Amino acid sequence: MMVINPFRLPNKTRFSLPFLYKPITGGGGGGRSSCSAFTCRSVSSVTSFTWDDVVQASLPVYAPNDSSDLSGFFEKIKSCNRGSSEIKSEFIPLVIEDQIVGYIHNGFFYNYLRRFKDVFVVVPSDSRFGTNVTLNKTLSTPEERTRVVGKVIKCLAEEDKELIPGIRNELYPVTPSFGSPPYFSLERAAAPYFGIKPHGMSCVANLIKECEEEAGIPLSLSNQAMSVGAVSYADVDRYRYKRDVLFCYDLELPGDFIPKNQDGEVDSFNLIPVENVANVIRRTHFFKPNCSLVIMDFLFRHGYISPECLGYLDLLQSLRSGDTS
């Protein structure tokens with residue numbers, strides 16, 4: 001039996017982890033094992049539903065003719081990748097030390113950031129990156145940049161509490177690419193307004209931390225997790241540009257393991273056959289779309305979405321719609 005517990009890590013580098021129970025084949029046959037999946041329900045979910053609703057929507061009889069219909073999966077991809085290329089063209093690069101580290105919406109810059117002339121500087125269009133925004137050259141160290149940009153974010157938040165909601169005094173490192181040293185650190189709530197990819201804690205360290213907090217998985221088990229790739233998306237919502245990469249891991253668990261949330265961020269877990277989890281993702285909006293991407297990646301890798309399904313290659317490619325640099 002196999003268990004999937006999809007969740008999104010809130011800290012720095014974000015990734016999701018399907019937890020797998022060892023397959024159990026029934027009877028004396030050599031056929032495919034019976035597989036099930038734990039899904040988790042977040043306490044912060046704005047969608048009102050019960051596990052009975054989930055189970056009912058997951059059953060084959062709920063929509064008996066949609067087993068090869070990928071349209072519901074494509075819908076989840078679309079909801080994670082809002083914003084056409086024309087809309088994304090409204091963002092200008094944020095360049096630090098001759099490297100693009102993010103993107104800022106024209107409106108956000110000219111309406112809110114431009115007045116902080118001792119912090120933000122507009123570079124003309126004849127530069128290497130075209131018109132872009134950089135930080136004042138007097139801010140030469142990561143510590144200085146972090147302090148001064150932090151003051152700007154605090155000022156904006158105090159002037160308009162709805163502009164950058166959710167200020168939590170948690171810093172995200174700002175880097176040009178995965179694994180690179182940070183040029184400065186930025187308030188987590190402001191990260192989408194600067195179009196940055198949050199990096200920081202290593203994937204393995206974050207994996208171990210979140211396994212314990214989200215599902216009570218001890219180190220003796222979580223350190224056996226296997227890296228299986230990543231999914232990505234690029235989502236534009238007015239001034240916010242999210243360029244997220246979710247790192248995916250598989251982990252086999254003992255058949256008698258029961259996940260137990262430790263940090264209050266997960267309401268409950270439930271065990272559902274994998275085929276039925278696929279139905280829930282395809283048919284409903286019960287779970288966050290970016291969590292659905294991780295499940296779809298798993299379904300591809302384990303043969304639950306087959307090449308016989310119309311749109312197979314397009315869906316596979318769309319799981320990595322975002323920049324993975």
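It should be emphasised that the depicted structure is a prediction, and the values quoted were computed from it without experimental measurement. Basis for what follows: all heavy atoms, side chains included, without hydrogens, waters or symmetry-related copies. Sequential numbering from 1 along the given sequence is applied to the chain's residues.
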When you measure from the side chain of Arg168 to the backbone N and O of Gly166, does any donor-acceptor pair fall under 3.5 Å?
yes
Can you tell whether the side chains of Arg240 and Asp235 come within less than 4.0 Å, N to carboxylate O?
no
Check whether any side-chain N or O of Ser180 sits under 3.5 Å from a backbone N or O of Pro176 as a donor-acceptor pair, and report yes or no.
no
Main-chain N/O of Tyr233 paired to Arg243 side chain as donor or acceptor, under 3.5 Å:
no
Looking at Glu252, is its backbone amide N or carbonyl O close enough to the side chain of Gln224 to form a donor-acceptor pair, meaning the two atoms are under 3.5 Å apart?
no
Ring center gap for Phe194 and Tyr241 short of 6.0 angstrom
no
Give the intermediate values and the outcome of ring-ring contact (aromatic ring centres under 6.0 Å, His included) for residues Tyr239 and Tyr193.
CA-CA 6 Å; Tyr239 291 152; Tyr193 295 84; 7.3 Å; no
Answer yes when Arg145 and Glu97 have at least one side-chain N-carboxylate O distance shorter than 4.0 Å, and no when they do not.
yes
Look at Arg301 together with Asp250 and state whether they make a salt bridge at an N to O cut-off of under 4.0 Å.
yes
Say whether, by atom type as modelled, one donor and one acceptor occur between the side chain of Asn81 and the main chain of Ile77 under 3.5 angstrom.
yes
Taken in chain and number order and not counting sequence neighbours, the residues that satisfy side chain to side chain contact (heavy atoms under 4.5 Å, CB included) with Thr141 are Glu143, Glu144
So does Glu162 pair up with Arg238, basic N to acidic O under 4.0 Å?
no
Taking the six-membered ring for Trp, are the ring centroids of Phe109 and His105 within less than 6.0 Å of each other?
no
Taking Asp53's backbone N and O only, do any of them form a donor-acceptor pair with Thr50's side chain (distance below 3.5 Å, no angle check)?
yes
Donor-acceptor contact below 3.5 Å, side chain Glu213 vs main chain Cys211
no
Side-chain donor/acceptor of Lys197 to backbone N/O of Asp244, under 3.5 Å
no
Any ring pair (Phe, Tyr, Trp, His ring centres under 6.0 Å) involving residues 113-159? Give me the pairs, sequence neighbours left out, ordered by first then second residue.
none
